[in-house]
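The structure under discussion appears below in the form of C-alpha cells.
Whatever order the structure lists them in is the order used to number ligands and atoms, beginning at 1. These numbers come from a predicted model, not from an experiment.
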Amino acid sequence: MNSAELVPGQPAQPGPRSVPPTRGESGNQDVVVVEDLVKTFDSVVACDRISLRIGPGELIALVGRSGGGKSTLLRTLNGLSPATSGRVEVLGVDVTQARGASLRRLRRRVGMVFQQFHLVGRLTAMANVLTGALGRVTGPRYGVLSWSRTLRRSALEQLDRVGLADRAFQRADTLSGGQQQRVAIARTLMQGPELVLADEPVASLDPESAAQVLDVLVRVCAEDRLTVVCSLHQVELAIGWSDRIIGLRAGRVVLDRSTAGLQRAQVEAVYRDADSDTREPDRSRNRIRIRAS
Ligand SMILES: Nc1ncnc2c1ncn2[C@@H]1O[C@H](COP(=O)(O)OP(=O)(O)OP(=O)(O)O)[C@@H](O)[C@H]1O
C-alpha cells in the first residue's frame, strides 16, 4: 500500500465544498478538534490516540469495519461517551471538561441521526419533527396544536425539504424505513444544529433508499452550511457524497484524505487490511498494552 494513503491523524486537504470559517468560543475556527483521544472499555481500546480536525461545512464520511471505533468516536464528540484521556473540542467547547448545563447547551447545537431513526411510532411525522424544537421551548407539549404557529410552519418546511410534506399527518410507524429516516433528518434540522453526527444512518435501508436518504441529508446540510460527520459501511456512497474520508481501524485513524481524486481501492484498503488481521490475529491490537514490570 502506498504510505501516502495512510496518514494517521493528519488533516486532509480542504474538501471541494468548504464554507468560510467561523470562530468558536475558544477562538478556534475548526468545528471539531480531537487531540490524542483515547477511549477504553475495560481492556478494549475503542479509540486509540485519535487526532483530527474538521473545518466548518466539511462533509466527512467515517468508514471502517465493525468494531473499528466509529460509533464511539461519534458518541465522544457530543459527550455521550466521556473520553478516557485526550482532548475533544466541539464548536469551541471543551467536551472533555463540559458538564451539566454547558453540555446540554452544546448538545442542542449538535444534531444526531441514528440507524434506528428513534421516532415515536404512534405520533405523526409532523409531531416527531416538532420534538426537534423541544430545546427551544419551555413546558410540555400535548399534540401538534400545542406548538406555536411559527414552529408548526417551520416543521412543515423541514418536512418539505426532505420531500415529505404530503406525509406530515401520517403516523410515523406507517412510513417506510427511508421515509422514517427522512423524518428523523427533518427533526434534526428543526433543532437548528451547527454540526450533524450521523451514525450509520442508512445501514437498515435497501441500496436505493440508502442513496436517496444520503442525497437528502447532504443536500439539506449543504443548504444550511452544516458540518457533517457520518459513519457508513458503503464505500461507494462514502466516496460519492463526502468531501473527505476518515478510515478507522482498531480505534486508529488509518486514512484521512480529501475525496477529490481518491480511488475506491484506497478506501477499501481500510477494510481489506482488517481482513488480513483476521487471518493472522494480532491479539495486541485493540487491547490495552500492559507493560511488563
Ligand atoms: N459500551 C461499551 N462497552 C464495552 N465495549 C464497547 C462499548 N461500546 C463500544 N465498545 C467496544 O469498542 C469497540 C469499538 O466499538 P464501536 O461501536 O465504536 O465500533 P464501530 O466501528 O462503530 O462498529 P460498527 O460499525 O459495528 O457500529 C468494539 O470493540 C466494541 O465492542
Subject >> Stepwise salt bridge (charged side-chain N to carboxylate O under 4.0 Å, His left out) check, Arg252 with Asp48 >> reply: CA-CA 5 Å; Arg252 292 190 174 182; Asp48 190 0; 2.9 Å; yes
Original post:
When you look for heavy atoms under 4.0 Å from ligand 1, do you find them on the side chain of Thr72, its backbone, both, or neither?
Top reply: both
**OP:** List every atom of ligand 1 that sits less than 4.0 Å from any heavy atom of Gly68, numbering the atoms from 1 in the order shown and giving each element.
**Re:** 19 (O), 20 (P), 21 (O)
Original post:
Does the side-chain contact (heavy atoms from CB on, under 4.5 Å) test come out yes or no for Gln116 and Glu200, once each step is laid out?
Top reply: CA-CA 9 Å; Gln116 298 303 338; Glu200 296 189 34; over 6 Å; no
Subject >> Identity of the nearest option to atom 22 (O) of ligand 1, non-hydrogen atoms only, from Cys47, Ser71, Ser66 >> reply: Ser71
**OP:** Evaluate the side-chain contact (heavy atoms from CB on, under 4.5 Å) criterion for residues Glu58 and Ile54: first the C-alpha distance (whole Å), next the side-chain angles of each, then the deciding distance (0.1 Å), finally the verdict.
**Re:** CA-CA 7 Å; Glu58 278 196 275; Ile54 296 173; 4.0 Å; yes
**OP:** State the atoms of ligand 1, each with its element, that fall below the 4.0 Å cut-off from a heavy-atom position in Val44.
**Re:** 12 (O), 29 (O)
**OP:** Check Arg65 against ligand 1 and report side chain, backbone, both or neither, counting heavy atoms closer than 4.0 Å.
**Re:** backbone
Original post:
Has ligand 1 got any nitrogen or oxygen that is less than 3.5 angstrom from a nitrogen or oxygen of Gly64?
Top reply: no
Subject >> Carboxylate-amine/guanidinium proximity below 4.0 Å for Glu157 and Arg161 >> reply: no
Original post:
If you measure from each heavy atom of His233 to ligand 1, is any distance below 4.0 Å?
Top reply: yes
**OP:** Begin with the C-alpha distance, continue with both residues' side-chain angles, and end with the deciding distance and a verdict on side-chain contact (heavy atoms from CB on, under 4.5 Å) for Leu52 and Val32.
**Re:** CA-CA 8 Å; Leu52 50 90; Val32 173; 4.2 Å; yes
Subject >> Contact (N/O only, under 3.5 Å) between Ala46 and ligand 1 >> reply: no
Original post:
Would Glu200 count as a contact of ligand 1 if the rule is a heavy atom under 4.0 Å away?
Top reply: yes
Original post:
Will you find, in the side chains of Asp206 and Ser209, an N or O donor that is under 3.5 Å from an N or O acceptor?
Top reply: yes
Original post:
Hey, is ligand 1 close enough to Gly67 that some N/O pair sits below 3.5 Å?
Top reply: yes
**OP:** Establish, from distance only, whether the side-chain atoms of Ser242 and Thr259 form a donor-acceptor pair under 3.5 Å.
**Re:** yes
